[in-house]
Protein chains: 2
Amino acid sequence: MTPSPPGSAGIKDVAAEAGVSVATVSRVLNGHPSVSPGSRERVLAAVEALGYRPNAVARSLRTHQTHTLGLVISDVLNPYFTELARSVEEAARALGYSVIIGNADERPELQDHHVRTLLDRRIDGLLVSPTDGGSPLMLDAVRAGTPMVFVDRWIPGVGVDVPVVRSDGRQAVRDLVAHLHGLGHRRLAIIAGPAATTTGSERVEAFRDALREHGTALPDAYIGQGDFQADSGRRATERFLALPEPPDVVFAADNLMALGALDAIRGRGLRVPHDIGLAAFDDIPWFVHTDPAVTAIAQPTAELGRAAVHALVDRIEGRSPRSVTLPARLVVRRSCGEDTRVRRSSP
Amino acid sequence: MTPSPPGSAGIKDVAAEAGVSVATVSRVLNGHPSVSPGSRERVLAAVEALGYRPNAVARSLRTHQTHTLGLVISDVLNPYFTELARSVEEAARALGYSVIIGNADERPELQDHHVRTLLDRRIDGLLVSPTDGGSPLMLDAVRAGTPMVFVDRWIPGVGVDVPVVRSDGRQAVRDLVAHLHGLGHRRLAIIAGPAATTTGSERVEAFRDALREHGTALPDAYIGQGDFQADSGRRATERFLALPEPPDVVFAADNLMALGALDAIRGRGLRVPHDIGLAAFDDIPWFVHTDPAVTAIAQPTAELGRAAVHALVDRIEGRSPRSVTLPARLVVRRSCGEDTRVRRSSP
DNA sequence: ATCCTCCGTGTAATCGATTCCACAAGGAGG
DNA sequence: CCTCCTTGTGGAATCGATTACACGGAGGAT
């Protein structure tokens, strides 16, 4: 016998079926102690018989909790964020939360749209990887006490109320520059992300600092302005290649811009790494199979997602989580030139 | 002057501030005709002053509408589904709906978990790309009248209540086989998806039929059983390569298994297409840059997402949408061997 | 001048749960 | 035997909106 129309029965129907009051049904469903074994059993039987499922909307209205987290990311099409989203959802599910993902497409107004929508839905907390320096809307939300955690990127000056979960690439960038120097490359260029994002500016800074340690400067002509999208990587690279003295190596601040750079290099009929080297921030499975395999800086993406969820849930449940910073690491492949001592370093 | 604590004011506060009743506030907010210009103005001013935002939870409880669509996909990490999700969200947003994505990871029990959660939240409709032949839960939901649309994959025998939005790859597969034959390849193998999924079995059928048209058979040894994940593609390919008579070309039924196949081929120290050819179902930007560029069958992914949303919203709003089938097309690159007449066919 | 429409508005019921409070029954202790 | 406490239960308020219904007043028709 199929339980009659599932989703249609309400708590009142269950109460009637079980011969108890709605209060008792609610107590059974929420595991309250003071319910007699007899009632509990009859309620459970009624629930089963009617195929009853509590209405989460009504429950949320009453309890002021949705058991839902909002995740606003800058670009779902970027495999890095996809992986982040996946680990966030996984960690959240383990803690009994659902996740609603908002894709900002690197557009501040779309980001605001999602934040507003999520706030309207009274999500319990918000995980954000901001596309910009901080919209008034988001700052208001923080001030109003919305539990929030920044992940990957953050907004400076928001204060301790918003922990930041991110990875630090300084050392990995330093390793990269040392690797490039070791291969004899001196003219190193970077395709930066938007200056309004922390990852956009930090990576350039780290790169510049690492170069300085090697006594090299980073000329303006070797800084391409990108927006974390493939197209911008393509354009920046074309500009580099048109220079009287093109760089030996191009370092893209994210994987999509590296894809664009590859496009541009290929379009020119040049070969990597013979004619020009390429490296990228953010490692993805495909980098192993590009022509040639791309040297990249890998973030502990899944761990970041997990840490972010734990921090956020801590905040929601009244604790005061601290920021988390995990190290990124260099993965050397062949796109910057063959290391003469070893064949390849990655499996 | 910042509007005081946003998110904290309720409709009653607005009513008090504007000197009207909550009914009038609600009418203004919902654009009802019978409100005097004076009241409307004062309500709007009060809303602005208090930074009032209606509580979507309460609204949903009353109206029985959440203006939310559920999207349950088989694997977010698969770029095909990511793009699908993106276009779904975009189309839904344009129609005033939000989307909650559930990632099933190709696991039926996880798929059920998400369907259940989404149903509990009383989403207005469900977009599903089933990982299996159909769970009782989903069938019950359909029977109970939940508006549902299948996208990409579907469950046979559910009936006209559930339109299917998908792409038909038969002709593209035929084109692929013709292309391979033209290049002199005769021993063609396929890495199939799970038989429980329609895309898993259809693609094998289409391949087999196309081979038959060329007078070739598809021996069992040349059918690898995969699960749409990279690892399974790797294993299936290793098995092919260990055969006394390995295939000339391996056709992977999705892009992740193609990635795995690439791994396996590379692990053996073989070269594509010289030693063995590779083709894939589903095209992704990275295929242009792999070594070599991968010949693939491209689906009109974004259009599929859009069509699916429109079909679902049609159902939600009481109309009776029909199923949609869009053609996929072959994109020839270099992974199956150089075409002697033209250099490359894709930009 | 009287009656009948509209029009704008407010009061109160409602959506489906949770939970405070009151209360009845039963056992323990005096 | 009477009180007090514990335990299980139900009635009713509540969350924050939407909306059916009633009602008072202005204006038009007769």
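By convention in this document, chain letters (A, B, ...) are assigned in the order of the sequence lines, proteins followed by strands, and residues within each chain are numbered from 1. Scope of the values below: all heavy atoms of this structure, side chains included, with no hydrogens, waters or symmetry mates.
Panel note: side chain Thr146(A), backbone Val142(A); no donor-acceptor pair is recorded below 3.5 Å. A donor-acceptor pair is defined here as one N or O able to donate and one able to accept, closer than 3.5 Å; such a pair exists between the side chain of Thr66(B) and the backbone of Arg122(B). The backbone N or O of Pro194(B) lies less than 3.5 Å from no partner atom in the side chain of Asp227(B), so there is not a single donor-acceptor pair.
Both Val25(A) and Ala58(B) lie close to DNA chain C; mapped to their nearest nucleotides by heavy-atom distance, the more 5′-ward contact belongs to Ala58(B).
With no hydrogens or angles considered, no side-chain donor-acceptor pair links Glu106(B) and Thr131(B) at under 3.5 Å.
With Glu109(B) as reference, Arg107(B) is the one residue of His113(B), Arg107(B), Gln111(B) to meet the side-chain hydrogen bond (donor to acceptor under 3.5 Å, both in side chains) rule.
Around atom CD of Glu317(B), more than 12 heavy atoms belonging to other residues, nucleotides or ligands sit under 6.0 Å away. Within 6.0 Å of CZ in Arg319(A) there are more than 12 heavy atoms belonging to other residues, nucleotides or ligands.
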For this session: Quick one, give me the B/S/- string for nucleotides 7-13 of chain C, reading 5' to 3', where B means a protein heavy atom under 4.0 Å from the base and S means that only happens at the primed atoms, P, OP1 or OP2.
Result: -SBBB-B
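Across its full length, the helix from dA1(C)-dT30(D) to dG30(C)-dC1(D) shows an angle of 60° between the axes of its 5 terminal pairs at either end, rounded to 10 degrees.
The side chain of Asn30(B) contributes an N or O atom lying less than 4.0 Å from OP1 or OP2 of dT18(D).
Taking atom NE2 on His67(A) and atom P on dA17(C), their separation rounds to 16 Å, with Å as the unit. Rounded to an integer number of Å, the gap from CD of Gln65(B) to P of dA17(D) is 17 Å. Taking atom OH of residue Tyr52(A) and atom P of nucleotide dG16(C), one finds them 10 Å apart after rounding to whole Å. Computed from coordinates, the Arg121(A) CZ to dC15(D) P distance equals 23 Å when rounded to whole Å. Straight-line distance from the NE2 atom of His32(A) to the P atom of dG10(D): 15 Å, rounded to whole Å. For Ile11(B) and dC15(D), the CD1 to P distance is 14 Å, given to the nearest whole Å. Going from atom CZ of Arg122(A) over to atom P of dA17(D) covers 7 Å, rounded to whole Å. His64(B) has its NE2 atom 17 Å from the P atom of dA17(D), to the nearest Å.
Salt bridge status for Arg315(A) with Asp161(A): absent, with no side-chain N to carboxylate O gap under 4.0 Å.
From Arg62(B), atom CZ reaches atom CG of Leu61(A) across 12.5 Å, with rounding to the nearest 0.5 Å.
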